[in-house]
Engineer: 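Right, I'll just put the structure down here and ask away after.
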2 protein chains.
Amino acid sequence: MDLLRTRGPGNFTVEDIAEAAGISRRTFFNYFASTEVVIASVTHGFLDKALQQFRLRPAGEPILESARAALVELADPMTVAPIAELYSMGQANPMLSRSELEAWDHCTVEIIDAARERFAQGSGVEIDELYLRALAGSIISCGKAAMDVWFARCGGDLSPDSLSNLRQLLIDSMSLLGSGFASHSPATPSQDRH
Amino acid sequence: MDLLRTRGPGNFTVEDIAEAAGISRRTFFNYFASTEVVIASVTHGFLDKALQQFRLRPAGEPILESARAALVELADPMTVAPIAELYSMGQANPMLSRSELEAWDHCTVEIIDAARERFAQGSGVEIDELYLRALAGSIISCGKAAMDVWFARCGGDLSPDSLSNLRQLLIDSMSLLGSGFASHSPATPSQDRH
DNA sequence: GTGCATGTTTGCACTCTGCGCAAGTATTTT
DNA sequence: AAAATACTTGCGCAGAGTGCAAACATGCAC
């Protein structure tokens with residue numbers, strides 16, 4: 001993160017990281033296949049927290065409600081801080097966005113698993129894979145959309161106001177999803193935000 | 001594609017591609033930044049076709065209906081063939097899935113633009129960015145989910161039966177999205193498929 | 001403490017990527 | 001035909017990523 005801040009993405013080598021960490025280049029590669037995965041681990045940690053929250057929700061609850069609750073947990077300073085910083089650097093940077101994409105995708109896979117488990121217990125009925133995957137993918141997409149809009153609007157600001165804005169965006173995106181995108185005007189958000 | 005087929009992903013170098021194409025390694029890099037983007041261009045072409053169809057739809061039509069129509073156009077042998085082959089190779093391969101992810105993401109961005117244009121004309125009202133991005137992202141996710149399920153089920157088979165299966169999956173995924181995922185049982189697809 | 005076993009770190013060497021540069025070769029314009 | 005423009009290529013270099021074997025550290029038994 002220090003190197004990212006000072007030199008900017010793409011302007012330092014693995015050797016620099018190794019030196020800064022007091023280890024050899026070779027040792028770095030023993031633990032990480034590339035700089036990308038190191039950086040992705042930040043986003044990964046962020047999304048892991050959401051996953052964790054999701055799994056804690058009661059099994060009977062509607063998935064969308066669980067997702068909403070899990071996502072809202074993310075709108076907390078300590079949690080968003082690292083990813084906000086990454087985002088602000090990576091908005092235009094192909095290398096960063098790539099590893100972020102991968103992290104979001106990985107999260108989708110995990111949500112699919114979590115949701116499958118939830119449905120499996122209870123009914124012996126066969127699970128509709130399409131339902132599962134389409135829903136999980138949409139949830140992640142909506143979460144990502146909320147984050148994107150938040151960054152565009154607040155530029156990663158961590159003030160309480162900004163964070164409550166993020167919370168509201170996450171909630172709104174889930175209700176859009178739950179209402180089937182109300183199939184009409186896109187100019188009326190469900191709620192006014194200050 | 002020949003090299004992919006014969007040697008498998010990751011088992012050939014840019015030099016091999018250049019040689020097979022009768023050009024120099026340097027010339028390859030004049031046109032493509034990496035092997036990845038070459039491969040991504042296949043998926044890219046596939047999604048471009050959907051985009052194109054989407055843009056052809058009447059501006060008054062509900063977005064989800066336009067998306068459904070655009071996606072269904074993809075379920076045609078000539079169009080799916082290349083991507084089906086890629087998918088069957090890339091299922092387990094990190095390098096391939098990565099470039100595919102990027103292509104899908106790029107398509108999301110383009111749908112957002114297309115949808116924004118559509119809404120912009122007509123009303124002078126400010127557009128809800130969250131609505132736009134969440135919807136576009138969800139559409140893409142559902143399309144991807146349908147493709148994933150199809151591959152899991154049919155393994156990229158191009159027979160008429162298999163393709164009509166794909167068509168139905170695409171339609172189903174859009175109606176799931178349109179109905180807000182009916183927030184109940186995941187075990188009842190909207191329609192029986194042979 | 002000595003010796004041994006297991007695990008980690010490192011240097012070395014090598015292949016491959018990606019790209020700047022300048023020289024070469026086509027193609028088109030005038 | 002000469003000049004302008006576009007495309008291709010070879011060369012050289014910095015950096016990624018990895019196998020291998022030597023060096024080093026740590027823990028354990030005696």
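Chain identifiers are assigned alphabetically (A, B, ...) following the order of the sequence lines, protein sequences preceding nucleic acid strands; residue numbering begins at 1 within each chain.
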Engineer: Taking only residues two or more places apart in sequence, or in another chain, which ones meet B/Thr108 in a side chain to side chain donor-acceptor pair (under 3.5 Å)?
Structural biologist: none
Engineer: Can you name the salt bridge (charged side-chain N to carboxylate O under 4.0 Å, His left out) partners of B/Arg167, sequence neighbours left out?
Structural biologist: none
Engineer: Which nucleotide wins on minimum distance to the side chain of A/Arg25, given the candidates D/dA16, C/dG18, D/dT9?
Structural biologist: D/dA16
Engineer: What is the distance from CZ of B/Phe32 to C1' of C/dC16, rounded to the nearest Å?
Structural biologist: 19 Å
Engineer: Among A/Val72, A/Leu71, A/Leu64, find the residue that satisfies the side-chain contact (heavy atoms from CB on, under 4.5 Å) test when tested with A/Arg68.
Structural biologist: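 Testing A/Arg68 for a side-chain contact (heavy atoms from CB on, under 4.5 Å) against A/Val72, A/Leu71, A/Leu64 leaves exactly one candidate, A/Val72.
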Engineer: Report, as a single string ordered 5' to 3', how protein heavy atoms within less than 4.0 Å touch nucleotides 19-24 of chain D: B base, S sugar-phosphate only, - not at all.
Structural biologist: BB----
Engineer: Keeping to residues at least two apart or across chains, list the salt bridge (Lys or Arg N to Asp or Glu O under 4.0 Å) pairs with something in residues 1-18 of chain A.
Structural biologist: A/Asp2-A/Arg5, A/Arg5-A/Glu85, A/Arg7-A/Asp16
Engineer: Which residues pass the side chain to side chain donor-acceptor pair (under 3.5 Å) test with B/Arg25, not counting sequence neighbours?
Structural biologist: none
Engineer: Is it the case that over 12 heavy atoms from other parts of the model lie below 6.0 angstrom from the CD atom of A/Glu19?
Structural biologist: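 No, not enclosed.
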Engineer: Applying side-chain contact (heavy atoms from CB on, under 4.5 Å), name anything that partners B/Ala59, two or more places apart in sequence or on another chain.
Structural biologist: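 If we apply the side-chain contact (heavy atoms from CB on, under 4.5 Å) test to B/Ala59, skipping adjacent residues, the hits are B/Arg118, B/Gln121.
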Engineer: Can you tell me if the side-chain N/O atoms of B/Tyr31 get under 4.0 Å from OP1 or OP2 in D/dT8?
Structural biologist: yes
Engineer: How long is the line joining CZ of A/Phe28 and P of D/dA16, in whole Å?
Structural biologist: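 So the two atoms are 9 Å apart, to the nearest Å.
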Engineer: Find the distance A/Glu36:CD to D/dG15:C1' and express it as a whole number of Å.
Structural biologist: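 The distance from CD of A/Glu36 to C1' of D/dG15 comes to 14 Å, rounded to the nearest Å.
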Engineer: Show me the pairs that pass salt bridge (Lys or Arg N to Asp or Glu O under 4.0 Å) and involve residues 137-147 of chain B, at least two apart or across chains.
Structural biologist: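 Counting only pairs at least two positions apart or across chains, the salt bridge (Lys or Arg N to Asp or Glu O under 4.0 Å) contacts touching residues 137-147 of chain B are B/Lys144-B/Asp148.
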Engineer: Can you tell me how far P of D/dA14 sits from CZ of B/Phe29, to the nearest Å?
Structural biologist: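 Going from CZ in B/Phe29 over to P in D/dA14 covers 18 Å.
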Engineer: Counting only non-hydrogen atoms, which of residues 12-24 of chain A are less than 4.0 Å from DNA chain D?
Structural biologist: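 Residues of residues 12-24 of chain A under 4.0 Å from DNA chain D: A/Thr13, A/Val14.
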Engineer: Could you list the residues that satisfy side chain to side chain donor-acceptor pair (under 3.5 Å) with B/Asn11, not counting sequence neighbours?
Structural biologist: none
Engineer: Could you work out how much the helix from C/dG1-D/dC30 to C/dT30-D/dA1 bends, comparing the axis of its first five pairs with that of its last five, to 10°?
Structural biologist: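 Result, rounded to 10 degrees: 10°.
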Engineer: Do any side-chain atoms of residues 44-53 of chain A form donor-acceptor pairs under 3.5 angstrom with protein atoms, and if so which ones, sequence neighbours left out?
Structural biologist:
from: A/His44; atom 1: NE2; to: A/His106; atom 2: ND1; distance (Å): 2.9
from: A/Lys49; atom 1: NZ; to: A/Thr79; atom 2: OG1; distance (Å): 3.1

Engineer: Using the test side chain to side chain donor-acceptor pair (under 3.5 Å), find all partners of B/Thr6 that sit at least two apart in sequence or belong to another chain.
Structural biologist: none
